[in-house]
Amino acid sequence: MILRLLAFVLWPQVVLALQPVELELSAFDDSSRVQVEQDGTLKISPGGGLSLRAVAGTSVPSTHTVLEFESFSLGGCDNAHVLYGPVFQGGDKACQIAPIDHSERWSVYTTLLAKQPENWNELRLDLALSPQAALSLRNARLRPPNPGEFEEKDLSRVDRRDHFLQTYLATDFPARIQSVSLSEDEATISFHASHSSQEIFLAEVPLFRAPDDPTRFEEPVPINSEQLKAGKITLPRHRERDGHNYDRIFSRWQLISIDEKGKRIPQSHARYPDVFPSKYSHLTVPVPANKKGLGGWAHNRSPEDLGNWESPRSP
């Protein structure tokens, strides 16, 4: 009975401790480069570094040590810090957070917050953006970390990516993409995959998706028994992506499987298109009309790297 009573009393606090705390984003100094749309999306136009304000609508539980938001980042941000408010103090109170990677689609960003004081409900994000960088953020919130989420965060981004690439290149996958040929309207992918109990999918990975991005596999297409036997599948060359007509000449292709938890597992190395038609097929091979282009020549003198080729001058 006592345990039930304690559970009844403490349950609301447990639920509150697990629920994410939403953050409202705005410019810290009313910069004209920052625009906030009606749905809460914050957009930063190019021009260099600036600061943002993130305000929590309620008190922040001590368990909420993860800052999370979705970013659309052209150029990324390699150097970022946070300060806790509403009374912001610089110096050693600033906390460095993970860099924001370049991404030409909405990507989930997470970073672990350290040095949290008591009774805070605002963040100041200091972003050292390059003059050409543009950044959009949405759905910012604070939440508790997931089990094992930051166990490998001691490795730098470069070290993690290098380790991934070395492992990827050394892996002997069971399947293989043999060729990718494009026509005016179609993409034909030839492959070799042995018959097995697990279902095989053909996944598309756009050029701008990082090789270690866990969400890089797009548009997985199941391969049926006839396609598996033929070792070939044909898809449209163009598809709609983020409201645009996307040309798959910019994609690489990879065979994957999907486990019971929905995780997409590579079964082959990736391959870009090998053959694609020229837009201007009528062009002829150019023939030089003269020898213009040779420079550095003068009377009785040749360039230094050809000096040993000179014939002896007559007296």
Side-chain angles (χ1 to χ4, degrees), residues 20-60 64-117 120-143 153 156-158 161 206-210 213 215-216 240-246 250:
V21 174
E22 305 298 327
L23 298 174
E24 183 179 352
L25 299 174
S26 62
F28 186 80
D29 54 359
D30 297 326
S31 172
S32 60
R33 292 169 47 213
V34 177
Q35 294 183 349
V36 181
E37 299 184 343
Q38 291 184 350
D39 62 356
T41 301
L42 181 142
K43 294 186 175 182
I44 304 173
S45 58
L50 50 66
S51 296
L52 302 177
R53 185 190 301 271
V55 180
T58 181
S59 60
V60 180
H64 288 45
T65 57
V66 176
L67 170 64
E68 177 182 289
F69 52 76
E70 295 178 51
S71 67
F72 192 109
S73 176
L74 302 180
C77 179
D78 291 331
N79 192 1
H81 292 77
V82 296
L83 290 169
Y84 303 96
V87 179
F88 298 100
Q89 299 179 4
D92 59 353
K93 301 296 183 181
C95 172
Q96 186 169 14
I97 58 177
I100 303 173
D101 290 337
H102 171 91
S103 176
E104 298 184 28
R105 62 169 294 166
W106 287 106
S107 301
V108 177
Y109 167 91
T110 58
T111 188
L112 193 62
L113 298 178
K115 302 180 183 179
Q116 289 193 22
W120 66 277
N121 68 341
E122 292 187 29
L123 286 175
R124 191 183 87 187
L125 281 71
D126 296 336
L127 306 177
L129 298 167
S130 68
Q132 297 80 26
L135 180 65
S136 295
L137 307 177
R138 69 183 185 187
N139 298 332
R141 62 180 187 166
L142 299 164
R143 61 169 176 81
K153 293 299 181 179
S156 70
R157 178 179 52 169
V158 175
R161 187 157 294 173
L207 175 67
F208 45 80
R209 300 300 294 271
D213 184 347
T215 63
R216 63 190 180 277
E240 184 177 345
R241 187 179 187 280
D242 295 334
H244 299 282
N245 185 29
Y246 176 70
F250 301 109

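Counting begins at 1 with the first residue of the sequence. Atoms considered below: every heavy atom in the structure, side chains included; atoms not considered: hydrogens, waters and symmetry mates.
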(request) Determine whether the side chains of Ser103 and Asp101 contain a donor N or O and an acceptor N or O closer than 3.5 Å. (result) no
(request) Determine whether the side chains of Arg209 and Thr215 contain a donor N or O and an acceptor N or O closer than 3.5 Å. (result) yes
Enter the distance from [X]:[atom1] to [Y]:[atom2] here, rounded to the nearest 0.5 Å.
| X | Y | atom1 | atom2 | value |
| --- | --- | --- | --- | --- |
| Leu125 | Leu83 | CG | CG | 9.0 Å |
| Ser130 | Leu74 | OG | CG | 10.0 Å |
| His102 | Leu135 | NE2 | CG | 12.0 Å |
| Leu50 | Ser45 | CG | OG | 8.5 Å |

Might you point out which heavy atoms bring [X] and [Y] nearest each other, and give the distance in Å?
| X | Y | value |
| --- | --- | --- |
| Phe208 | Arg241 | CZ-NH1, 3.3 Å |
| Leu129 | Gly76 | CD2-O, 3.9 Å |
| Ser136 | Lys43 | OG-CG, 3.4 Å |
| Tyr84 | Gln116 | OH-CG, 3.5 Å |
| Arg143 | Pro20 | CB-CB, 4.2 Å |
| Ala27 | Leu42 | N-CD1, 4.3 Å |

[X] (side chain) donor-acceptor with [Y] (main chain) under 3.5 angstrom:
| X | Y | answer |
| --- | --- | --- |
| Arg138 | Trp106 | no |
| Ser71 | Ser73 | no |
| Tyr109 | Ala98 | yes |

(request) Could you walk me through whether Phe69 and Ile100 pass side-chain contact (heavy atoms from CB on, under 4.5 Å), step by step? (result) CA-CA 11 Å; Phe69 52 76; Ile100 303 173; 4.0 Å; yes
(request) Run the numbers on Val36 and Thr41 for side-chain contact (heavy atoms from CB on, under 4.5 Å), then give the verdict. (result) CA-CA 6 Å; Val36 181; Thr41 301; over 6 Å; no
Could you check whether any side-chain heavy atom of [X] comes within less than 4.5 Å of a side-chain heavy atom of [Y], counting everything from C-beta outward?
| X | Y | result |
| --- | --- | --- |
| Asn121 | Ser59 | no |
| Asn245 | Glu240 | no |
| Leu67 | Leu23 | yes |
| Leu137 | Leu52 | yes |
| Ile44 | Leu127 | yes |
| Arg53 | Asp29 | no |
| Leu142 | Glu68 | no |
| Leu113 | Val66 | no |

(request) Check the surroundings of atom CD in Glu104: do more than 12 heavy atoms from other residues, nucleotides or ligands lie under 6.0 Å from it? (result) yes
